[in-house]
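Just so you know, these numbers come straight off a predicted model, no measurement behind them. All chains are named by letter (A, B, ...) in the order of the sequence lines, taking the proteins before the strands, and each is independently numbered beginning at 1.
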Amino acid sequence: MSLGERSCYCGEVRESHLNQRLILKGWVRRRRDLGSLVFVDLRDRTGFVQLVFSEDRDAATFLAAKELRPEFVIAVEGVVKLRGEKDANVHLATGAVEVEVAQMDVLCEAATPPFPIEDDALVSEEMRLKYRYLDLRRPFQNQRIVARHRLMQRARKQLSSEGFLEIETPFLGKSTPEGARDFLVPSRLRAGTFYALPQSPQLFKQLCMVAGFDRYFQVVRCFRDEDLRADRQLEFTQIDIEMSFPDEEMVMGVAERLTRALFEEAGLTAPASFARLTWAEAMERYGCDKPDTRFGLELGTVSEVAAKTEFGVFRSALDAQGAVRGLAVPGQANISRKELDALNEVVKPFGGKGVVSLMRRNGALAGQALKHIGEGPAAAMLAAVGAKDGDLGLFVAAPYETACACLSALRLYFRDKLGLVDKDHHALLWVHRFPMFEWSRDDNRWVARHHPFTMPREEHLDMLESDPQKVEAQAYDLVMDGNEIGGGSLRIHSGKIQRKVFRALGFSDEEAQDKFGFLLEAFKYGTPPHGGIAFGLDRLAMLLLGCESIRDVIAFPKTTSGLCLMTQSPSEVEPKQLEELAIEIKKSPPRSHDPKEGN
RNA sequence: GGGAUCGUAGCUCAGCUUGGUUAGAGCGCCGGCCUGUCACGUCGGAGGUCGCGGGUUCGAGCCCCGUCGGUCCCGCCA
């Protein structure tokens, strides 16, 4: 058997190969040794097929088969035989046949893996990440990476077919003040200066429009040095899109066709239509700018009724210009005291002091705070959130945004607790008309909610200086099942407006010139109106493939503390490397990443 | 930066509430037997710095403090 020869993949062997002599290669999945008959499952990325070794074929090969262990890499030559009705395995694609092995090469022996290479093996994520190459060898994890490949190729095909050009942009770029924390890369040739890895190719794709490419896309890695989450990694992949002369509808159209294509590629049915909500509507109805619209439990505001009560909780919130908001949970009027207490824990992380509950059981009002609120107002509050007999009304009194966040959390809590969504059903939703700015308490100034290159709505341009909080952006997010999967905007293409926005953000003209001078310069030479969108590929793949974590669709992800458990990065570097970069380390790093070593 | 939770055999876990001979289970691993297995069966065996450091105690896997690491969340991030 020569190294390059292979008849087909293991998972592809069928009855059509009957009596053919095949050369197969793969990993030993399992050996079943019956004494003078040995079965071996041979696995590769397509599945596995049963090999049979028997004494009366070839004694040497048979004895070698007895020495096989899980994960040995072998090559075999043998004849495909029908298993017969009694011995066939109906659960396997290859189960009707088996390969009678005449010859075998052990290409590589294997140590016993730290965990079984099986889908149903229970393995901690720590183990999976440390031995990622073994985790990826497991069929289901392997398939996720294959599926991600398909999604990427489909995206490229779809966008190319609409005339978009895939253009690469630099990874070594310029640090920009807005947005996330940059990853810095020290320059050796100009020691003391730094490149920044791109948070996104935002400015380069805009410059592609200035260059006249008209339609650009890129499947591109982005880097943000912020804390990680189940759906956030330090580096992640965007499907980045930009086009010239669009209106919002055109960008949304491109995005919708792409989304439908990706749903199809994943074997899912996209919802018939993409719903649309303004940001203000989303906050009012769901308390969230990326609502899960697959179920009800919509929010209501009861501030007016609450203002008529003497209830201290309501009074103090309303006196501080806050709101009393609530929602109705159908059929939960008989919720236990213990379960109600648990709700307080749900809202705590979002700044809520507590949840006020009212309910109507068999016509009678109930609730701990009922005596403070009074029957009349209580009935009105329940009516206002649509609570009927047998329903539970939950209310939060707090600043408007806090009340929204708390009730949104309660919505999701009951979604999961009561199983309100069908996992096979998906919702796609555009949220648009975002506020252009939000107030940063840390920086004591306005910051761009999307980014500083977003075009404000034309009719709001006059308010940039006078009423920045009222300015709406021509920005839009695509939301799937309560997750933001993409976001974009029409961009500013005039230096004049761009300077006004920089000023609203508190940049002096000098700062703007220093940080974004190249953009303002480019805008002088004929810039087409342009806009675009970027999809978070990892997050979208996660949702389309039904994964719980973004790490499941990334071949080599990092832990939530930004470590690679496989390579032990980040790590210290040689003093010589630091010298070349003219860098001195002030603080000694933690001594170990290895949990087995500790201190 | 903060909160929650977890760390015991190669893996997944029990033991911790109430500190007390020699720390258990399943799977895996090693060896014997077995011609139709496919979670093969069967008989036998090996395997532990209880993440790490310190403290309390006559005595710590168990209690306390710190630390490292995994996960989830808030802040942060779009």
Side-chain angles (χ1 to χ4, degrees), chain A residues 29-41 48-56 62 69-70 83-84 86-92 94-95 98 111-118 120-131 134 178-181 199-200 202 222-234 236 238 289-290 345-352 405 409 431 434 438 440-442 447-451 454 475 477-479 483-489 533-536 539 548-549 551 558-561 563 565 568 590-599:
Chain A
R29 172 176 176 261
R30 216 186 277 269
R31 190 187 87 239
R32 292 177 294 278
D33 185 342
L34 275 63
S36 44
L37 192 63
V38 176
F39 297 99
V40 168
D41 292 337
F48 63 89
V49 65
Q50 176 166 285
L51 310 178
V52 204
F53 299 80
S54 68
E55 223 162 6
D56 35 82
F62 172 74
R69 293 291 180 275
R83 287 212 210 173
K86 186 166 67 71
D87 296 328
N89 186 337
V90 294
H91 301 108
L92 288 181
T94 61
E98 62 192 1
T112 303
F115 52 83
I117 312 302
E118 297 289 340
D120 54 10
L122 288 173
V123 194
S124 69
E125 188 143 11
E126 200 170 350
M127 273 291 139
R128 294 175 58 197
L129 293 177
K130 183 168 179 185
Y131 300 96
L134 297 179
E178 291 289 278
R181 199 174 289 116
Q199 297 174 23
S200 82
Q202 182 59 37
C222 304
F223 305 86
R224 290 176 190 164
D225 189 5
E226 298 292 349
D227 289 358
L228 297 86
R229 286 284 196 286
D231 63 352
R232 270 164 35 190
Q233 285 269 304
L234 299 177
F236 59 98
Q238 282 189 350
D289 64 0
K290 46 173 185 172
E345 299 304 313
V346 172
V347 302
K348 242 183 215 168
F350 298 90
V431 177
F434 279 83
E438 62 189 334
S440 166
R441 251 183 247 169
D442 287 350
V447 295
R449 183 177 273 271
H450 186 59
H451 56 55
T454 302
D477 277 359
L478 185 53
V479 176
N483 300 88
E484 183 205 331
I485 57 170
S489 61
I533 188 166
F535 284 79
R539 203 176 284 173
E548 299 278 316
S549 158
R551 294 182 296 274
K558 295 188 172 46
T559 67
T560 46
S561 57
L563 305 181
L565 296 181
Q568 296 289 299
R591 238 167 290 176
S592 173
H593 294 159
D594 190 339
K596 295 292 175 199
E597 281 174 27
N599 264 350

Suppose we define a pair by two distances each less than 3.5 Å, Watson-Crick or G-U wobble; what does [N] pair with here?
{"N": "B:U56", "answer": "none"}
{"N": "B:C72", "answer": "B:G3"}
{"N": "B:A14", "answer": "none"}
{"N": "B:G45", "answer": "B:C29"}
{"N": "B:C34", "answer": "none"}

| said: Any side-chain to backbone donor/acceptor pair from A:Arg181 onto A:Arg224? Under 3.5 Å, distance only. | reply: no
| request: Assess the side chains of A:Gln202 and A:His451: does a donor N or O sit below 3.5 Å from an acceptor N or O? | output: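 A pair is found: one side chain offers a donor N or O, the other an acceptor, under 3.5 Å apart.
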| note | Expected string for nucleotides 72-78 of chain B under the B/S/- scheme (protein heavy atoms, under 4.0 Å, primed atoms plus P, OP1, OP2 as sugar-phosphate) is SSBBBBB
| query | For every nucleotide of nucleotides 32-37 of chain B, 5' to 3': is a protein heavy atom under 4.0 Å from its base (B), only from its sugar-phosphate (S), or from neither (-)? | reply | --BBBB
| said: Could you work out, with ring pair (Phe, Tyr, Trp, His ring centres under 6.0 Å) as the rule, every residue matching A:His450, not counting sequence neighbours? | reply: none
| request: Identify, with sequence neighbours excluded, every residue that meets ring pair (Phe, Tyr, Trp, His ring centres under 6.0 Å) alongside A:Phe350. | output: none
Roughly how many Å apart are [M] and [N], using the [atom1] atom of each and rounding to a whole number?
{"N": "B:C72", "M": "B:G31", "atom1": "C1'", "answer": "45 Å"}
{"N": "B:G54", "M": "B:G61", "atom1": "P", "answer": "14 Å"}
{"N": "B:C6", "M": "B:C50", "atom1": "C1'", "answer": "14 Å"}
{"N": "B:A9", "M": "B:C62", "atom1": "P", "answer": "15 Å"}
{"N": "B:G41", "M": "B:G53", "atom1": "C1'", "answer": "48 Å"}
{"N": "B:G10", "M": "B:U5", "atom1": "P", "answer": "28 Å"}
{"N": "B:G19", "M": "B:C63", "atom1": "P", "answer": "9 Å"}
{"N": "B:G70", "M": "B:C52", "atom1": "C1'", "answer": "15 Å"}

Check the distance between [N]'s [atom2] and [X]'s [atom1] and give it to me in whole angstrom.
{"X": "A:Ile117", "N": "B:C27", "atom1": "CD1", "atom2": "P", "result": "19 Å"}
{"X": "A:Arg31", "N": "B:G28", "atom1": "CZ", "atom2": "P", "result": "12 Å"}
{"X": "A:Met127", "N": "B:G69", "atom1": "CE", "atom2": "C1'", "result": "12 Å"}
{"X": "A:Arg128", "N": "B:U71", "atom1": "CZ", "atom2": "C1'", "result": "12 Å"}
{"X": "A:Asp120", "N": "B:C38", "atom1": "CG", "atom2": "C1'", "result": "14 Å"}
{"X": "A:Leu122", "N": "B:C13", "atom1": "CG", "atom2": "C1'", "result": "10 Å"}
{"X": "A:Leu92", "N": "B:A39", "atom1": "CG", "atom2": "C1'", "result": "13 Å"}
{"X": "A:Tyr131", "N": "B:U12", "atom1": "OH", "atom2": "C1'", "result": "16 Å"}

| query | Of all heavy-atom pairs between A:Phe62 and A:Ser54, which one has the smallest distance, and what is that distance? | reply |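 Here A:Phe62 and A:Ser54 meet closest at CD1-C, 3.6 Å.
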| Partner residues of A:Arg31 under the side-chain contact (heavy atoms from CB on, under 4.5 Å) criterion, sequence neighbours left out | A:Asp33, A:Val38, A:Val40, A:Leu68, A:Arg69
| query | A:Asn89: what forms a side-chain contact (heavy atoms from CB on, under 4.5 Å) with it, not counting sequence neighbours? | reply |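 Per chain and number, A:Asn89 pairs via side-chain contact (heavy atoms from CB on, under 4.5 Å) with A:Arg83, A:His91, A:Leu92.
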| query | When the nearest nucleotide of RNA chain B is assigned to A:His91 and to A:Val123 on a heavy-atom basis, which residue is associated with the more 5' position? | reply |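 Closer to the 5' end of RNA chain B: A:Val123.
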| Listed partners of A:Arg32 passing side chain to side chain donor-acceptor pair (under 3.5 Å), at least two apart |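 With neighbours one apart ignored, the set is A:Asp41, A:Gln50.
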| task | Output yes when A:Arg232 and A:Glu226 qualify as a salt bridge under the 4.0 Å nitrogen-oxygen rule, no when they do not. | result | no
Is the shortest side-chain N/O distance from [X] to OP1 or OP2 of [N] below 4.0 Å?
{"X": "A:Thr112", "N": "B:G10", "value": "no"}
{"X": "A:Ser561", "N": "B:G70", "value": "yes"}
{"X": "A:Ser124", "N": "B:U12", "value": "yes"}

| Looking for any heavy atom pair under 4.0 Å, which part of the strands does A:Pro116 touch: base, sugar-phosphate only, or nothing? |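 Nothing, no heavy atom under 4.0 Å.
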| message | What contact category does A:Pro70 fall into here, base, sugar-phosphate, or nothing, at under 4.0 angstrom with non-hydrogen atoms? | response |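 If one applies the 4.0 Å heavy-atom cut-off, A:Pro70 turns out to touch the sugar-phosphate alone, with no base involved.
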| field | Residues forming a salt bridge (Lys or Arg N to Asp or Glu O under 4.0 Å) with A:Glu118, sequence neighbours excluded | value | A:Arg29, A:Arg30
| said: Under the rule for salt bridge (Lys or Arg N to Asp or Glu O under 4.0 Å), what residues qualify as partners of A:Arg128, not counting sequence neighbours? | reply: A:Asp135, A:Asp552
